[in-house]
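Below is one structure; the comments refer to it alone.
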Amino acid sequence: MIALRTEHLDVLVVGGGAAGSATALYLAERRPDLVIGIVEKSTLRRGGCTATGIDHWVAAFSHKFFCGGGARRFLPFFRAALTRNRRTDVFELSTVGASVARESYEELMQLERWGIDVRLDDGRFRVVWGAGAPAIWIAGKDFKPTIARRIRAAGCRIWQRTQVVRLFRDANRVTGALAMNVRTGELTAFAARAVVIASGSSTRLWHPAPATGDERAFDLVYSPYNNAEALMAAYGAGAELVATEFACATLAPVGYGCAGISGFLSAGAQLVNGTGEPFARRADARLGERMPRQQTVQACVNELRAGRGPLRLETSAIAAQDLPKILFAWDNEVPLMRQYVEQRGIRLGVDDIDVEPHLALSMAKVATDYHARSSLPGLFAAGDVSGTLPIAVMGAMVGGRRAAAAVDGYLAADTGPLAAFRHGEAADVARSVTLLLDDDAPLLWRDIEREMRDINTRYLGFSRDAAGMQCAAVLLDELAERAEHLRARNPHELMRLHETRALLGLSRIMARTALLRTESRFGHGQFHSRTDYPEMDNERWLQELIVTRDADRDEPQIQTRSCALTLRGLVDLALSAVRVIVSS
Amino acid sequence: MPAQIDSRRCNRCGRCAQYCPGDIIHPVGGEVVVLYPGECWGCGTCVLECRTGAVTVSLFGAPQAAPAPSRKQATA
Ligand SMILES: Cc1cc2nc3c(=O)[nH]c(=O)nc-3n(C[C@H](O)[C@H](O)[C@H](O)COP(=O)(O)OP(=O)(O)OC[C@H]3O[C@@H](n4cnc5c(N)ncnc54)[C@H](O)[C@@H]3O)c2cc1C
Ligand code: SF4
Ligand code: SF4
């Protein structure tokens, strides 16, 4: 029997990546009187997508004083937000994108105050490549270690190697969570007046490249350790989820799931198909390789489908003066792409890189409003797992700031005591977790996960149609029944078991929501490619699909919600426009 | 692809095991071991944290002291 401890907190932050760390720090600065706990599956120093660093700060529509051309870059965005038939995003992009444009600079200055270098020795900012929006260099390798030190200094309580697996609630609100130490198996019930989910996007739902088998399950562009446990815990407690139907795809070197190809494309590298034809302009005559990333991926999928593979990226098309920018960025961040280029012996500016479409992550999120509030009182979300902000460190920090402000407001208004926390229920849940440990486990997580990925890759991956998705829904339901028999031989396997179950739950939702969305869409991080509905349909589908759990039948309930331009969106757009124009 | 530890250079400080985001490296009976190689992201955190240069992440059996298997074989 594993021991169960109880801890009482004012605020529990789930996940100590970019967004969770920012939330905890902002909150600790605002309200030093609060007991803030941060629970992280790995470590604060190296947890999450930014484990080994980041190389650019998405400066959105930034100031002339570091990028130049602000108004020129901003206008197309402004027009797209206001023109219905141009919008590719179903999120309320207008509010979010525009406000982020305003906040990106403030957050950058905050990073500097927290002790992270954002300028060169001469005090100036340095523009590096970026996909679409201008991006500037920051000392990305120091990002997590520096922030982790700050969080400790701020007096937050920290649980590392600890995985949140369930949320608790009473009739009205979320009251805490159950978490497990993934090395010792020790269980902790956290009673908290507010909970912030910041657990990142969900990965490992597909074989990253359809042709490759399950041996590459962890070879991903995004962290393979960000899965859906916290997201599905929120769903289990009754919170609304959104964007469950969308994947987010990218391009990666053949046989190696690593970030960085987008940077090459922004720097001017050219995509070439098996016949030697540069095909990007065929897909988008105006933008070519600079078309939005999901469209680029779709163009590549089409080439492969038409038998015009393999695909290559010509680095010789990058202008000589831009190559040093890439090298400069590499010196300061994630070693992954450099590792690839060096080990392959690729000479930048001379050799080609073989590339393939890569299914990276699910865009499923806890639905939040502008203020990072979920649909459940006491539950908030920030970062990649939340509402609508861009998946970038900048979006994570903006989300963290908003979540901190919202939690502060909620706690100020909330007079209810923690007594609502039911210890008996926590002990019951803990017991059910303990029962999953079995030395002779007959069925292990990997077996179920492999089958789930087979189904998702085949029916819910790069090409979807109604018949396939109906088939997937049935197969996934059957798989979920078998997953009831999953057991683990040690706490590490138990961690994976929780991940597998959550991913399977999310897959079942995806099969249903993706079937309902009778269109194709390639927005910012919204990949949904249907062979039976190949066109984007803004007349009908400028809406979100909201999923909640029907507690009686334990089934997803799906509703649509319009994401038309709101008054707040218009005000945000206008303020951003003024700021950009003034500074240009 | 999985990380590999060269036991001749490793001083068993445990930093890689402490910081690996995937819980892949564990101390086992006085050694530090890549216990779950099939779950390695290849992120290089262990390489960054190791102070003796004992860890490498080899993608394609690239040149290094101890020849590494190709990542396909290694993760199978
Ligand atoms: C290789 C790479 C390079 C990137 N480069 C850039 C860049 O240069 N610029 C940029 O702006 N963005 C970049 N990004 C994107 C950026 O890293 C993410 O958008 C950002 O980290 C999102 O923050 P987050 O807090 O939502 O998620 P993460 O930072 O990934 O943090 C999520 C955290 O939650 C923890 N967690 C998950 N589940 C649980 C659970 N059940 N219980 C407890 N903890 C849990 C995870 O361990 C993790 O630490 C990059 C991403 C990758 C993968
Ligand atoms: S490469 Fe990353 S995931 Fe693999 S062992 Fe090293 S730190 Fe862990
Ligand atoms: S960090 Fe390096 S020296 Fe320390 S245990 Fe790991 S491999 Fe050995």
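Letters go in sequence order (proteins before strands), and every chain restarts at 1.
Remark: the E40(A) side chain and the S42(A) side chain contain an N/O donor-acceptor pair separated by less than 3.5 Å.
Chain B forms more heavy-atom pairs under 4.5 Å with one residue of A217(A), A51(A), P224(A) than with any other, namely P224(A). Taking K41(A), Q160(A), R496(A) one by one and counting their heavy-atom pairs under 4.5 Å with chain B, the maximum is reached by R496(A).
Sorted by first and then second residue, the ring pair (Phe, Tyr, Trp, His ring centres under 6.0 Å) pairs involving residues 34-55 of chain B (not counting sequence neighbours) are H492(A)-Y36(B), H26(B)-Y36(B).
Neither the backbone nor the side chain of R204(A) has a heavy atom closer than 4.5 Å to any heavy atom of chain B. Contacts between F218(A) and chain B at a heavy-atom distance below 4.5 Å involve backbone atoms as well as side-chain atoms. Looking at Q18(B), the atoms closer than 4.5 Å to chain A (heavy atoms on both sides) all sit in the backbone: N, CA, C or O.
If you take CG on L348(A) and CD on E342(A), they are separated by 9.5 Å, rounding to the nearest 0.5 Å. Distance check, rounded to the nearest 0.5 Å: OG1 of T457(A) to CH2 of W206(A) gives 8.5 Å.
Looking at heavy atoms from C-beta onward, L313(A) lies in side-chain contact with I261(A) at the 4.5 angstrom threshold.
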